[in-house]
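Atoms considered below: every heavy atom in the structure, side chains included; atoms not considered: hydrogens, waters and symmetry mates. Since the structure is predicted, the reported quantities are computational estimates derived from the model, not experimental observations.
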Amino acid sequence: MALFGALFLALLAGAHAEFPGCKIRVTSKALELVKQEGLRFLEQELETITIPDLRGKEGHFYYNISEVKVTELQLTSSELDFQPQQELMLQITNASLGLRFRRQLLYWFFYDGGYINASAEGVSIRTGLELSRDPAGRMKVSNVSCQASVSRMHAAFGGTFKKVYDFLSTFITSGMRFLLNQQICPVLYHAGTVLLNSLLDTVPVRSSVDELVGIDYSLMKDPVASTSNLDMDFRGAFFPLTERNWSLPNRAVEPQLQEEERMVYVAFSEFFFDSAMESYFRAGALQLLLVGDKVPHDLDMLLRATYFGSIVLLSPAVIDSPLKLELRVLAPPRCTIKPSGTTISVTASVTIALVPPDQPEVQLSSMTMDARLSAKMALRGKALRTQLDLRRFRIYSNHSALESLAAPLKTMLQIGVMPMLNERTWRGVQIPLPEGINFVHEVVTNHAGFLTIGADLHFAKGLREVIEKNRPADVRASTAPTPSTAAV
């Protein structure tokens with residue numbers, strides 16, 4: 001009985017589980033590009049390492065090593081992989097660091113000083129980024145694991161006390177190696193939890209699309225990594241800005257991502273587009289009113305020619321009155337995605353009238369229109385754009401001969417309405433990508449109930465540029481943990 005109850009509760013929970021309206025998959029094909037950009041960023045971060053002064057005494061010799069700076073990072077082997085438990089793992093082996101420092105030596109009354117170059121050889125770094133969803137639905141680097149070691153140091157001392165330095169070099173380089181080991185992991189921890197999170201903060205979560213509608217891209221759960229990809233589920237729901245708590249129930253099928261040939265894949269369900277159209281409907285945007293000079297000249301001539309028989313029967317004072325065209329969508333449009341294409345179904349009322357000054361308007365026609373639009377999706381940069389085309393429609397009217405209205409009405413929609421619709425839909429809506437990263441070479445594929453877009457990634461800006469722009473005003477890594485994982 002208990003088993004039956006548990007099964008029932010599980011089925012009930014599944015029945016009420018909300019599917020994502022948008023999914024993104026980053027595949028292993030993207031890792032080489034991400035690694036190249038990441039290593040440039042890592043090199044710049046390691047150059048900020050601050051190593052404490054090294055002071056000591058050996059017999060009558062007093063030495064001081066100060067102003068230690070990392071000048072370059074040379075990599076011979078590096079790997080970036082997805083790992084199911086860690087999400088992203090970077091491993092660097094047999095790298096070398098170039099250093100420059102100031103030396104000072106005092107022996108009785110004799111003093112020697114100057115700058116010298118050194119190198120740290122056999123540098124190994126293994127660091128993992130753990131990704132999770134924060135309470136606001138944003139993706140964050142929640143933890144950074146790190147192991148770092150330097151196997152050997154070399155410094156070419158010269159000057160008056162070269163032989164003395166050769167004697168002391170073991171003490172000095174061993175001390176520097178110890179201090180360097182202690183500094184690598186705190187730098188990586190700060191880079192992950194502070195700097196990379198400032199980059200992830202540029203991903204829109206709940207933001208305005210325009211003055212009427214916003215979009216919710218909050219993560220529905222923690223990102224899921226396998227050995228070959230990283231999957232993220234976003235709510236992908238629009239909402240009217242005047243009703244921020246309104247939500248359209250998601251009854252669409254769950255989008256599926258199976259491909260792994262491109263760097264990244266994005267999937268959108270019918271719910272994504274339905275929520276957009278219903279949000280604009282609730283915001284009062286799906287209506288069009290053109291009066292007088294607002295009616296395009298070609299459209300004005302077409303309508304007057306179509307209704308010439310009705311207009312000539314009116315009084316002379318009304319014949320030359322301004323035209324009014326009102327188109328109002330009666331119910332939220334709905335999107336249907338099939339392998340053969342994407343269509344949008346719309347039901348609207350169309351009213352055409354003359355508006356004499358200081359007199360009641362004279363209605364020429366009032367009808368209901370069922371229209372079907374084809375929609376072609378494209379991804380440009382990081383904006384999802386839509387191109388609409390009127391495919392077919394039916395009209396219902398009690399006041400007009402439908403056959404005579406079909407051709408002029410279609411022409412009216414093509415020249416007067418569709419350009420305005422496409423001007424708005426082609427602006428697009430941003431998808432959840434960090435600043436500085438765009439999609440290129442996209443391919444759109446339709447499925448039953450959802451569509452997928454496969455693309456490659458392009459860094460329009462370097463990580464350093466974006467992070468510096470959004471860098472938090474913090475003091476470096478004051479909260480970084482003690483690098484107990486560093487291999488000394």
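Remark: R235 pairs with E18, S247 by the side chain to side chain donor-acceptor pair (under 3.5 Å) rule, at least two apart or across chains. Applying the side chain to side chain donor-acceptor pair (under 3.5 Å) criterion to E211, with sequence neighbours excluded, gives no partner residue. With sequence neighbours left out, F450 forms a ring pair (Phe, Tyr, Trp, His ring centres under 6.0 Å) with H447. Qualifying salt bridge (Lys or Arg N to Asp or Glu O under 4.0 Å) partners for K469, counting only residues two or more places apart in sequence or in other chains: E435.
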List the steps, then state whether side-chain hydrogen bond (donor to acceptor under 3.5 Å, both in side chains) holds for S28 with N229.
CA-CA 6 Å; S28 57; N229 54 64; over 6 Å; no

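Under a cut-off of 6.0 angstrom, the local environment of NZ in K35 is crowded, with over 12 non-hydrogen atoms contributed by other residues, nucleotides or ligands.
For the pair I431 and F268, the minimum side-chain heavy-atom distance is below 4.5 Å. In this structure, N422 and Q387 have side chains that are in contact, with non-hydrogen atoms separated by less than 4.5 Å. A heavy-atom distance below 4.5 Å is not found between the side chains of V264 and D456.
Of the residues F272, F271, Y217, the one that meets the ring-ring contact (aromatic ring centres under 6.0 Å, His included) test with F238 is F272.
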Using distance only, find each side-chain donor-acceptor pair of residues 128-135 under 3.5 Å and give its atom names and separation, not counting sequence neighbours.
residue : atom : partner : partner atom : Å
S132    : OG   : S142    : OG           : 3.3
R133    : NE   : L219    : O            : 2.4
D134    : OD1  : A136    : N            : 3.0
D134    : OD1  : G137    : N            : 3.0
D134    : OD1  : R138    : N            : 2.8

Would you be so kind as to tabulate the donor-acceptor pairs closer than 3.5 Å made by side chains of residues 88-102, with sequence neighbours excluded?
residue : atom : partner : partner atom : Å
Q91     : OE1  : R126    : NH1          : 2.5
T93     : OG1  : S77     : OG           : 3.3
R100    : NH1  : N117    : OD1          : 3.3

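In this structure, a donor-acceptor pair under 3.5 Å is absent between the side chains of D201 and S198. Defined by atom type and a distance below 3.5 Å, a donor-acceptor pair is present between the side-chain atoms of N438 and K382. Side-chain contact annotation: E260 with S228, donor-acceptor N/O pair under 3.5 Å present. No side-chain donor-acceptor contact under 3.5 Å links Y265 and D231. S340 and N446 share no donor-acceptor pair across their side chains, judged by distance under 3.5 Å alone.
The backbone N or O of E121 lies less than 3.5 Å from a partner atom in the side chain of S151, making a donor-acceptor pair.
The cationic group of R282 does not satisfy the cation-pi geometry with F239, failing either the under 6.0 Å distance to the six-membered ring centre or the 45° limit from the ring axis.
Salt bridge status for E442 with R380: present, with a side-chain N to carboxylate O gap under 4.0 Å.
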